[in-house]
Amino acid sequence: PIPAGDDPLVLTLTGVDTVADIWVNGHHVGRHANQYRPFQVTLPPIDANKAKVLIRFAPPLDGLAEPPATRAMVNAVSDFLNAAAPQNLDAEPGSGILALDLAATRRRKGMFSWGWDFAPRIPSIGLTGPVELTRRSPIEVSHHVDT
């Protein structure tokens with residue numbers, strides 16, 4: 001149920017994994033790109049009983065490039081480990097954590113989403129928590145200084 005009253009409506013998506021554009025009644029109200037924080041927006045005046053929310057998810061790494069400094073560091077560590085390790089290892093070339101797409105370091109998303117040595121690399125996306133429509137009274141900020 002939508003709370004009664006005249007205060008502004010607030011749309012809260014408590015769990016969004018990870019990159020999403022959000023529309024309400026055909027109007028884009030925001031973009032979200034952080035698995036660890038909720039999305040919240042104060043809506044313009046609308047009929048809450050007829051509100052249609054559309055959420056379009058995008059691939060988590062869409063539009064990101066790997067950071068050059070991080071790539072340089074990973075290459076240096078990889079070179080060091082290759083020089084120190086015996087050459088008859090059974091590991092597949094390009095496997096393990098050093099094979100991770102480094103653009104993932106620019107997205108606030110659980111590392112488990114990118115796969116491990118034994119798991120496929122299939123990033124999760126979608127809603128992971130409730131969608132809430134509430135009312136919030138306007139906030140008044142004031143201060144008083146005693147000298």
Side-chain angles (χ1 to χ4, degrees), residues 1-82 90-147:
I2 308 301
D6 295 326
D7 292 332
L9 283 168
V10 176
L11 174 66
T12 304
L13 308 178
T14 61
V16 181
D17 181 5
T18 298
V19 180
D21 283 288
I22 299 96
W23 286 267
V24 176
N25 291 346
H27 299 285
H28 188 259
V29 295
R31 181 171 176 85
H32 186 274
N34 187 329
Q35 180 182 13
Y36 300 110
R37 299 191 50 89
F39 171 83
Q40 192 170 69
V41 63
T42 301
L43 299 175
I46 60 171
D47 181 353
N49 294 314
K50 295 181 181 178
K52 291 184 182 180
V53 177
L54 173 77
I55 304 167
R56 189 190 87 200
F57 291 92
L61 299 181
D62 196 30
L64 296 179
E66 68 179 31
T70 304
R71 171 51 62 199
M73 180 195 65
V74 167
N75 288 346
V77 169
S78 183
D79 291 346
F80 173 79
L81 293 176
N82 287 335
D90 291 335
E92 295 179 28
S95 66
I97 194 67
L98 295 179
L100 175 69
D101 182 347
L102 295 180
T105 62
R106 292 192 163 174
R107 184 65 73 213
R108 300 293 300 145
K109 184 172 178 62
M111 287 304 291
F112 61 84
S113 295
W114 310 115
W116 298 99
D117 292 338
F118 58 88
R121 288 186 171 96
I122 304 173
S124 58
I125 61 172
L127 291 175
T128 60
V131 175
E132 301 169 350
L133 195 56
T134 57
R135 292 199 182 272
R136 178 183 302 157
S137 59
I139 299 172
E140 181 179 322
V141 178
S142 64
H143 67 279
H144 179 78
V145 178
D146 287 328
T147 57

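By convention here, the first residue in the shown sequence is residue 1.
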Side-chain donor-acceptor distances from residues 51-59 under 3.5 Å, at least two apart:
none

Kindly list each side-chain donor-acceptor pair under 3.5 angstrom involving residues 37-46, sequence neighbours excluded, with atom names and distances?
| from | atom 1 | to | atom 2 | distance (Å) |
| --- | --- | --- | --- | --- |
| Gln40 | OE1 | Arg136 | NH2 | 2.9 |
| Gln40 | NE2 | Thr12 | OG1 | 2.9 |

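Without hydrogens or angle criteria, Thr14 side chain to Pro130 main chain gives a donor-acceptor distance under 3.5 Å. Under a 3.5 Å cut-off, the side chain of His27 and the backbone N or O of Val29 do not form any donor-acceptor pair.
Counting only heavy atoms from C-beta outward, the side chains of Val10 and Leu133 never approach each other to under 4.5 Å.
Side-chain contact annotation: Ser124 with Asp17, donor-acceptor N/O pair under 3.5 Å present.
The structure places CG of Leu9 at 9.0 Å from CG of Leu11, a figure rounded to the nearest 0.5 Å.
Closest approach of Asp6 to Arg135, counting heavy atoms only: C-NH1, 4.3 Å.
Take His28 and apply the side-chain hydrogen bond (donor to acceptor under 3.5 Å, both in side chains) test, not counting sequence neighbours, and it matches Asp21.
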